[in-house]
Student: 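I have a structure I would like to understand better, so I am pasting it below and will then ask my questions one at a time.
Here is how names work: the chains are called A, B, and so on, in the same order as the sequence lines, proteins then strands, and each is numbered from 1.
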2 protein chains.
Amino acid sequence: MDSPISERPPRMEPAEVTRLLVQHGIAPTQQRLEIASVLLGRRQHLSADELLALVNGEGPVVSKATVYNTLNLFARNGLVREVIVDPSRVLYDSNTSPHHHFYNQSTGELMDIEDRHIAVGSVPDLPEGTVMDGVEVIVRLRNE
Amino acid sequence: MDSPISERPPRMEPAEVTRLLVQHGIAPTQQRLEIASVLLGRRQHLSADELLALVNGEGPVVSKATVYNTLNLFARNGLVREVIVDPSRVLYDSNTSPHHHFYNQSTGELMDIEDRHIAVGSVPDLPEGTVMDGVEVIVRLRNE
DNA sequence: GTCAGTGCAAACCCTTTGCAGAAAG
DNA sequence: CTTTCTGCAAAGGGTTTGCACTGAC
């Protein structure tokens, strides 16, 4: 790991966060604005616990349960993307546009791969009665 | 789910299991043979708990801790493949040849996609000091 | 006798849940 | 007021760990 999560994190400005929440059908409460403004403050991948620490960096603002509940809500409504590469924790990706990931298994580091850099050709016919929810490519790495 | 995991599962024959274990640098103990013969008995995706139930279907043969330890060992040595698509449980894939997956989020069902059915174009340059460990494509589905 | 492998139960850790209190309109 | 949201602590559940026992050379 290398992100200085103890510093004051960059935040998205309140007006824009509010607009995004409403746009995704989420009532903009105090805690949700805090959580979203930190997570969406830049391109990043954070676990619930890391986000909790960032939001509460300067004193308690949000409880752990609220962070978990809120992240589930955000993911369900498409405001953030869940990335499941490590069974020990779910990461939340502030970038919802189509893209893929490098996952360094030695360090736990997750890096974006832009969609245009990795072509996924034809996907076979889907099983009857199902609809596609997304295609993820994970390139697993380890340190040499 | 739809697999009748309560029935007697198909097994790989002992001689072949032993050969595979040794070939992957794993000492062929009684419990490892049991676990491997069931998991490798056919193309399937099983969680540790499901496998435990299958192996012990006709009386206790292997303990839970041994199943977990053994599956980790098998995965580490490339005898089986870990599939991480659901944060609530790791699945073990008896098919180690290159292929991808449909994951039905409504049912938890995991289906193989043969490698030749899904083309992944060029992967960008890897970060310095890392080597590739595999490329997985996960097509997430849900029921209509 | 030595050392790897196994079993058991407890510990772990992330995540979810139940419920009472707080907040918003 | 009414309803939704939040906080706290406890519960949950898959996985790992500590340690003593077993078993194979």
Student: State yes or no: do B/Met132 and B/Val120 share one hydrophobic cluster built from I, L, V, M, F, W and Y residues joined by side-chain heavy-atom distances below 4.5 Å, directly or via other members?
Tutor: yes
Student: Find the distance A/Glu34:CD to D/dT6:P and express it as a whole number of Å.
Tutor: 11 Å
Student: Starting at CD1 of A/Ile84 and ending at C1' of C/dC14, how long is that distance when rounded to a whole Å?
Tutor: 14 Å
Student: Classify the ring geometry between A/His45 and A/His101 as parallel (under 30°), tilted (30 to 60°) or perpendicular (over 60°).
Tutor: perpendicular
Student: Taking atom P of D/dT15 as reference, at what distance in whole Å does atom CG of B/Leu46 sit?
Tutor: 13 Å
Student: Under 4.0 Å, counting only non-hydrogen atoms across every strand here, what does B/Val61 touch: a base, just sugar-phosphate, or nothing?
Tutor: sugar-phosphate
Student: Can you tell me which nucleotide in C/dG7, D/dG7, D/dT15 comes closest to the side chain of A/Val62?
Tutor: D/dG7
Student: Between D/dT6 and A/Asn69, is there an OP1 or OP2 to side-chain N/O distance shorter than 4.0 Å?
Tutor: no
Student: Phosphate oxygens OP1/OP2 of C/dT15: is one of them under 4.0 Å from a side-chain N or O of A/Tyr68?
Tutor: yes
Student: Specify the separation, in whole Å, of atom CG of B/Leu71 and atom P of D/dT15.
Tutor: 9 Å
Student: Counting N and O atoms only, with roles assigned by atom type, does the side chain of B/Thr70 sit under 3.5 Å from a partner on the main chain of B/Arg32, one being a donor and the other an acceptor?
Tutor: no
Student: If you check the A/Gln31 side chain, which of C/dT6, D/dT6, D/dC5 turns out closest?
Tutor: D/dT6
Student: Starting from the C-alpha separation in whole Å, work towards a yes-or-no answer on side chain to side chain contact (heavy atoms under 4.5 Å, CB included) for B/Leu110 and B/Asp86.
Tutor: CA-CA 10 Å; B/Leu110 191 68; B/Asp86 179 343; over 6 Å; no
Student: Does the side chain of A/Leu39 reach to within under 4.5 Å of the side chain of A/Tyr92, using non-hydrogen atoms?
Tutor: yes
Student: Between atom OH in B/Tyr92 and atom C1' in D/dG14, what is the gap in whole Å?
Tutor: 10 Å
Student: Can you check the A/Glu50 CD to C/dT15 C1' distance for me, whole Å?
Tutor: 15 Å
Student: Rounded to whole Å, how long is the line connecting atom CG of A/Asn72 with atom C1' of D/dT6?
Tutor: 15 Å
Student: For D/dT22, does either OP1 or OP2 sit under 4.0 Å from a side-chain N or O belonging to B/Gln30?
Tutor: no
Student: When all nucleic acid strands are considered with a 4.0 Å heavy-atom cut-off, which category describes B/Ser47: base, sugar-phosphate, or nothing?
Tutor: nothing
Student: Atom CG of B/Leu73 and atom P of D/dT16: how far apart are they, to the nearest Å?
Tutor: 13 Å
Student: Check this one for me: any side-chain N or O of A/Arg32 less than 4.0 Å away from OP1 or OP2 of D/dC5?
Tutor: yes
Student: If you assign each of A/Ala65 and A/Asp49 to its closest nucleotide in DNA chain C, which residue comes earlier from the 5' end?
Tutor: A/Asp49
Student: With a cut-off of less than 4.0 Å, is there a side-chain N or O of A/Thr29 near OP1 or OP2 of D/dT4?
Tutor: no
Student: Does OP1 or OP2 of D/dG7 have a side-chain N or O of A/Thr66 closer than 4.0 Å?
Tutor: yes
